[in-house]
Amino acid sequence: KAGVTQTPRYLIKTRGQQVTLSCSPISGHRSVSWYQQTPGQGLQFLFEYFSETQRNKGNFPGRFSGRQFSNSRSEMNVSTLELGDSALYLCASSLEGAGAAFFGQGTRLTVV
Amino acid sequence: GIQVEQSPPDLILQEGANSTLRCNFSDSVNNLQWFHQNPWGQLINLFYIPSGTKQNGRLSATTVATERYSLLYISSSQTTDSGVYFCAKSFNDYKLSFGAGTTVTVRA
């Protein structure tokens with residue numbers, strides 16, 4: 001059974017640009033969550049989707065958005081990138097959101 | 001306030017030693033998980049343990065939800081056990097709150 005797949009693995013973007021990250025969950029998992037990890041703030045929750053609906057959102061500015069497709073794949077978008085958005089972005093999938101979460105390898109975003 | 005507190009922040013072990021990592025949480029849980037972050041950044045799920053005790057090889061975990069803590073035991077540690085261990089919890093909101101982690105270094 002394939003694990004959670006995140007693409008791309010690495011990204012370098014310039015301030016002011018936008019970026020889209022992709023996450024394909026484990027087959028059969030309908031919940032996808034996104035987390036940001038930085039040395040200063042640790043692991044912080046961005047948002048969670050289930051059956052194409054956002055059920056919870058973390059305390060991030062509106063520049064951070066996401067969506068989920070009918071096949072449970074999810075994307076997150078960050079517009080007008082800032083230097084502080086440099087981080088490891090992790091995606092997790094679970095069956096329905098309340099059980100064990102399984103993470104992808106992450107996308108490391110560097111904003112210059 | 002801080003929802004999840006992990007201790008100790010750093011742990012240095014000699015290969016073969018046993019250790020205990022602790023996770024205290026501030027309110028109710030129905031989802032408590034332990035993860036190991038490998039050198040490439042991926043979080044590996046070790047245990048889903050909202051209550052009770054589980055064992056997987058040299059690792060075991062116990063959660064006492066009524067007393068708001070969980071413990072992760074590493075026995076006969078190996079150099080491959082090195083990395084950061086995270087505890088994370090949620091309660092009816094589909095959002096995991098993570099602790100700051102315990103960095104474990106196992107020396108040969």
Side-chain angles (χ1 to χ4, degrees), chain A residues 3-6 8-11 23 25-26 29-51 53-60 66 68 74 86-110, chain B residues 1-7 9-10 21 23-52 54-56 59 61 63 65 70 72 83-103:
Chain A
V4 180
T5 303
Q6 289 189 245
R9 292 289 312 282
Y10 302 93
L11 265 180
C23 173
I26 292 170
H29 285 193
R30 295 165 65 193
S31 167
V32 174
S33 302
W34 290 89
Y35 294 83
Q36 181 197 64
Q37 186 176 27
T38 60
Q41 299 298 317
L43 280 150
Q44 294 188 287
F45 171 79
L46 281 156
F47 22 67
E48 189 264 357
Y49 289 89
F50 179 82
S51 292
T53 299
Q54 185 183 87
R55 293 193 297 189
N56 202 344
K57 187 178 191 306
N59 189 24
F60 279 82
Q68 186 182 35
S74 177
S86 294
L88 178 65
Y89 290 87
L90 293 161
C91 162
S93 81
S94 66
L95 277 171
E96 296 189 350
F102 297 89
F103 282 80
Q105 293 180 297
T107 294
R108 195 167 293 278
L109 172 66
T110 302
Chain B
I2 298 175
Q3 293 193 36
V4 182
E5 290 192 33
Q6 291 187 242
S7 61
D10 298 281
L21 282 60
C23 171
N24 291 334
F25 40 91
S26 58
D27 45 31
S28 301
V29 296
N30 56 9
N31 185 337
L32 191 292
Q33 301 184 47
W34 284 95
F35 298 92
H36 177 216
Q37 189 163 39
N38 67 22
W40 298 273
Q42 186 174 9
L43 286 169
I44 307 300
N45 189 302
L46 297 175
F47 293 103
Y48 168 73
I49 186 165
S51 64
K54 290 186 178 179
Q55 180 160 6
N56 184 2
L59 301 180
T63 297
S70 183
L72 178 70
V84 185
Y85 290 80
F86 289 99
C87 164
K89 70 153 219 77
S90 70
F91 183 69
N92 290 342
D93 62 0
Y94 314 113
K95 158 191 167 182
L96 285 173
S97 296
F98 283 80
T102 293
T103 300

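Every chain is numbered from 1 and lettered A, B, ... according to where its sequence line falls, protein lines coming before strand lines.
Nearest heavy-atom pair across B:Trp40 and A:Arg9 is O-NH2, 4.4 Å.
For B:Tyr94, the OH atom sits in a loose shell: 12 or fewer heavy atoms of surrounding residues, nucleotides or ligands are nearer than 6.0 Å. Residue A:Glu96 places its CD atom among 12 or fewer non-hydrogen atoms of other residues, nucleotides or ligands, all under 6.0 Å distant.
Only the side chain of B:Phe35 comes within contact range of chain A, with at least one heavy atom under 4.5 Å from a heavy atom of that chain. For a residue to count as touching a neighbouring chain, one of its non-hydrogen atoms must lie under 4.5 Å from one of that chain's; by this rule B:Phe86 touches chain A with the side chain only. Of the atoms belonging to A:Gln105, heavy atoms from both backbone and side chain fall under 4.5 Å from chain B.
Options A:Glu48, A:Gln6, A:Arg108 differ in how many heavy-atom pairs under 4.5 Å they form with chain B, and the most are formed by A:Glu48.
The CG atom of A:Asn56 lies 11.5 Å from the CG atom of B:Asn92; values are rounded to the nearest 0.5 Å.
Identified by a heavy-atom distance below 4.5 Å to chain B, the contributing residues of residues 97-104 of chain A are A:Gly97, A:Ala98, A:Gly99, A:Ala100, A:Ala101, A:Phe102, A:Phe103, A:Gly104, in residue-number order. Residues of residues 33-43 of chain A lying under 4.5 angstrom from chain B, judged on non-hydrogen atoms, are A:Ser33, A:Tyr35, A:Gln37, A:Leu43 in numerical order.
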